Amino acid sequence: MLPNPKLELINSPSKSGEEIQYLFQGQSAGEIPHEEFEGKRETTVILRNGKQRIIFTGLGKKEKLSSVIVREATGVAIRQLLSIGAEEITLNLLGLSDHLASAVEGALLAAYHFDDFKPADRKRKNSLKILRFMVLNSKSEEMQSALLRGKIFGESINHVRHLGNLPPNEVYPERMAEESIKLAMKWKLRCHIWDEKDLIKEGFGGILAVGKGSKSPPRFIELEYQGGKKNQKPIVVIGKAVTFDTGGISIKPAASMEEMKYDKMGGCAVLGIMQAASRLKLPLNIIGLIPSVENMPSSNAYRPSDLVKSYDGKMIEVLNTDAEGRVILADAIAYARIHLKPEWIVDFATLTGAMIVALGTRRAGVFSNQDSLRDLFCIAGHQSGDLVWPMPVGDEYDEQIRSEIACVKNTGGRDAGSCTAASFLKTFAEETPWVHVDIAGTATTAKALPCIEKGSTGFGVHLTIEALESWTKKN
Ligand code: BES
Ligand code: MN
Ligand code: ZN
């Protein structure tokens with residue numbers, strides 16, 4: 001269920017720290033034995049007072065305090081309070097009013113729980129109904145807009161997570177298209193969908209090839225937000241949405257195949273980014289593109305050795321049908337380059353298992369054909385908490401994917417699997433500034449994070465908004 005608590009701002013009764021006593025009638029924080037609670041990150045202590053509970057949540061070292069730390073500490077506290085049945089929570093931000101937006105976001109992220117399909121008697125019984133934040137000046141415009149900003153981030157990311165957690169018999173390419181239309185109506189975006197007939201007519205050979213093994217037909221989705229001037233060049237945000245990746249004819253082993261329902265997270269992230277950009281009224285023109293397919297083996301599926309013509313006419317030699325993400329992204333990137341003439345392109349994709357080998361599950365790899373664009377995303381990663389690390393692209397990898405009989409092969413062997421995948425995409429960006437974020441590891445989490453339960457994480461929304469905002473400031 002998507003949490004939707006009533007959000008309120010109230011004034012702190014004092015400026016010092018007396019508010020603790022006000023809340024807790026007589027007992028102050030000073031009475032918590034230091035051995036019991038040192039204020040370390042991801043630790044809490046709960047005190048009782050009749051029906052009331054007070055939780056203290058650790059922020060770690062003062063010198064290291066940041067928005068991300070406030071968000072996570074809030075998440076830890078909220079998750080714990082919800083697990084003991086709380087429905088009404090007041091967060092005292094003490095001296096941390098500057099971090100209000102992060103606290104709101106953390107609370108909303110922590111309140112999301114995926115139990116729609118559980119039997120009623122095993123669903124969580126309580127839900128967060130009222131969420132109050134105690135700040136110094138609750139009526140100020142600054143506090144009001146911080147509250148809204150946190151709400152926008154929390155809701156956009158939760159929406160991404162929820163769509164991601166839904167199973168592939170619920171979310172297939174047509175459903176991705178329906179969700180996009182719904183989103184566009186709600187947040188005033190323009191939306192255009194290419195169905196399989198349109199895709200044939202207009203030569204989206206990559207999307208068609210990967211999609212044709214499935215009874216569920218492919219879709220290509222375009223969402224447009226116009227927050228800038230009419231003639232201002234757009235920024236294009238692309239997301240891989242393979243609603244289920246069996247591997248196709250190059251079929252994956254059964255173990256863990258169920259995780260491939262998350263192979264749509266790049267596309268889901270684009271929906272979150274478009275929602276957040278529109279609600280935050282960014283002064284930019286942004287176009288979201290989502291190629292969506294189901295990668296299935298069948299008598300109609302594409303095969304190893306097929307030669308596929310991408311949107312810009314480049315021929316792709318298919319060596320492994322499980323390297324399908326790059327084949328559908330090729331069409332989307334080429335379409336963006338040719339028709340949208342963007343300022344720059346960013347794509348999000350759960351593209352390679354090799355990315356997890358290289359960086360693990362908490363940091364995504366960032367590849368780009370322009371150093372300044374890569375830096376923009378690396379800095380945004382640090383600020384947003386969507387952690388990333390720079391990865392290389394270069395001629396040395398191009399060689400690995402050069403085809404003897406076509407333009408490029410869709411695999412480059414075992415070595416540097418994430419880099420050769422990026423190099424493949426770079427071929428379709430040509431001279432257009434482009435950045436690729438491989439979220440194979442970070443799109444999901446196998447165990448709960450401070451704000452995020454097991455399942456999809458919504459990675460990329462915060463990162464991209466942060467990047468867009470700092471790019472706007474510089475340009
Ligand atoms: N969706 C997978 C990548 C993936 C693997 C994401 C594990 C998350 C967790 C992608 O389509 C894929 O299958 N990639 C292959 C490429 C290979 C055949 C060149 C891979 O990584 O094994
Ligand atoms: Mn695959
Ligand atoms: Zn895939």
Side-chain angles (χ1 to χ4, degrees), residues 164-165 168 171-173 176 206-207 209-211 213-214 216 218 238-269 290-297 301-306 308 316-332 347-365 367 391 397 400-401 403 408-425 436-446 454-457 459-460:
N165 287 336
V171 179
Y172 35 87
M176 281 298 297
I207 297 173
V210 180
S214 172
S216 281
I238 302 176
K240 165 181 174 183
V242 175
T243 59
F244 195 71
D245 181 13
T246 63
I249 296 297
S250 316
I251 198 163
K252 288 181 182 294
S256 309
M257 199 199 274
E258 72 280 2
E259 285 169 19
M260 285 300 121
K261 73 166 179 176
Y262 297 119
D263 213 20
K264 59 184 181 300
M265 292 319 299
C268 296
I290 306 172
S292 185
V293 297
E294 185 179 46
N295 188 21
M296 294 289 265
Y302 83 135
R303 329 151 253 257
S305 80
D306 275 359
V308 171
I316 299 168
E317 182 186 3
V318 176
L319 290 183
N320 188 321
T321 62
D322 197 12
E324 83 296 341
R326 65 197 76 181
V327 178
I328 65 170
L329 289 168
D331 276 358
D347 79 73
F348 285 89
T350 47
L351 202 64
T352 62
M355 197 69 252
I356 308 173
V357 177
L359 297 183
T361 58
R362 299 296 302 280
R363 223 177 247 281
F367 306 76
M391 293 288 291
Y397 301 114
Q400 265 172 268
I401 54 156
S403 168
V408 278
K409 316 188 274 198
N410 80 331
T411 59
R414 213 181 63 103
D415 295 357
S418 306
C419 304
T420 51
S423 168
F424 179 100
L425 299 180
H436 157 61
V437 190
D438 191 333
I439 57 170
T442 56
T444 58
T445 180
K454 178 178 168 203
S456 53
T457 57
F459 188 98

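These numbers were taken from a predicted model, which means no experiment stands behind them. In listed order, ligands and their atoms are each counted from 1.
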To check your reading of the model: name the closest protein heavy atom to atom 15 (C) of ligand 1, its residue, and the distance in Å.
Asp322 O, 4.0 Å
Look at ligand 1 and say whether Lys240 reaches it with a heavy atom at a distance under 4.0 Å.
yes
Can you tell me which N/O/S atom of Glu324 has the shortest distance to the Zn ion (ligand 3)?
OE2
Protein heavy-atom contact under 4.0 Å for atom 21 (O) of ligand 1?
yes
Checking a contact table here: which protein heavy atom is nearest atom 1 (N) of ligand 1, and how many Å away?
Asp263 OD1, 2.8 Å
Among all the protein's non-hydrogen atoms, which is closest to atom 19 (C) of ligand 1, and how far away is it?
Thr411 CG2, 3.5 Å
To the Mn ion (ligand 2), the closest N, O or S atom belonging to Glu324 is OE1
If I consider every N, O or S atom in Asp245, which one ends up closest to the Zn ion (ligand 3)? I only need its name.
OD2
Only to 10 degrees, please: what angle do the O atom of Asp322 and the OD2 atom of Asp245 make about the Mn ion (ligand 2)?
170°
If the cut-off is 2.8 Å, does any N/O/S atom of Ala349 fall short of it from the Zn ion (ligand 3)?
no
Shortest protein contact, atom 18 (C) of ligand 1 (heavy atom only)
Asn320 ND2, 3.4 Å
Please write down residue, atom name and distance for the protein heavy atom closest to atom 16 (C) of ligand 1.
Arg326 NH2, 3.9 Å
For atom 9 (C) of ligand 1, the closest protein heavy atom turns out to be Met260 CE, 3.5 Å
Tell me, which N, O or S atom in Asp263 is closest to the Zn ion (ligand 3)?
OD2
Kindly compute the distance separating OG1 (Thr442) from CE (Met355), expressed to the nearest 0.5 Å.
9.0 Å
Who's the nearest protein heavy-atom neighbour of atom 2 (C) of ligand 1, and how far?
Asp245 OD2, 3.6 Å
